[in-house]
Amino acid sequence: MSERKPCPFCGSTSLGYQTSTEDREGYPTNIVCEDCGCAGPWLYLKKSELPKESFQLPKKALELWNKRKE
C-alpha cells in the first residue's frame with residue numbers, strides 16, 4: 001500500500017474514504033481526513049477497485065491525495 005501523506009491542514013494521518021451512489025461512470029470516491037474533514041479530489045472507481053477491508057484506502061484515490069502540492 002502507498003504511504004499516507006498527512007493532512008495538509010491539521011497534519012493527521014487518520015484517513016478514510018467516502019463514496020457516493022454508483023452512476024454510469026462508477027462510484028465517486030475520495031480520501032477524507034477523519035480529524036478535520038479535509039477532502040481530496042473525487043474520482044470514479046469501479047466496484048472492483050474499492051477496498052474489501054474497511055481499514056484499507058482505494059489505491060487510486062490515495063495516489064491523488066498524495067500528489068497534491070504541499
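Source: prediction; values computed, not measured.
- With sequence neighbours left out, the side-chain contact (heavy atoms from CB on, under 4.5 Å) criterion links P51 to Y17, Q56, P58.
- Taken to the nearest 0.5 Å, the OG1 atom of T13 stands 10.0 Å off from the CD atom of E3.
- The side-chain heavy atoms of R4 and L57, taken from C-beta on, include a pair separated by under 4.5 Å.
- Looking only at side-chain heavy atoms (C-beta outward), L64 and I31 stay at 4.5 Å or farther from each other.
- One hydrophobic cluster, built from ILVMFWY side chains closer than 4.5 Å, cannot hold both Y44 and L50; they sit in different ones.
- Side chain to side chain, N30 and Q18 meet the donor-acceptor criterion of an N or O pair below 3.5 Å.
- Within the structure, salt bridge (charged side-chain N to carboxylate O under 4.0 Å, His left out) contacts touching residues 45-56 (residues at least two apart or in different chains) are E49-K60.
- Between atom NZ of residue K59 and atom CG of residue L45 there is a gap of 12.5 Å, rounded to the nearest 0.5 Å.
- When the salt bridge (Lys or Arg N to Asp or Glu O under 4.0 Å) test is applied to E22, no partner is found at least two apart in sequence or on another chain.
- Partners of S12 according to the side chain to side chain donor-acceptor pair (under 3.5 Å) rule, which considers only residues two or more places apart in sequence or in another chain, are D35.
- Contact check for C38 versus C10: no side-chain heavy atoms found under the 4.5 Å cut-off.
- Between C36 and C7 there is a side-chain heavy-atom pair separated by less than 4.5 Å.
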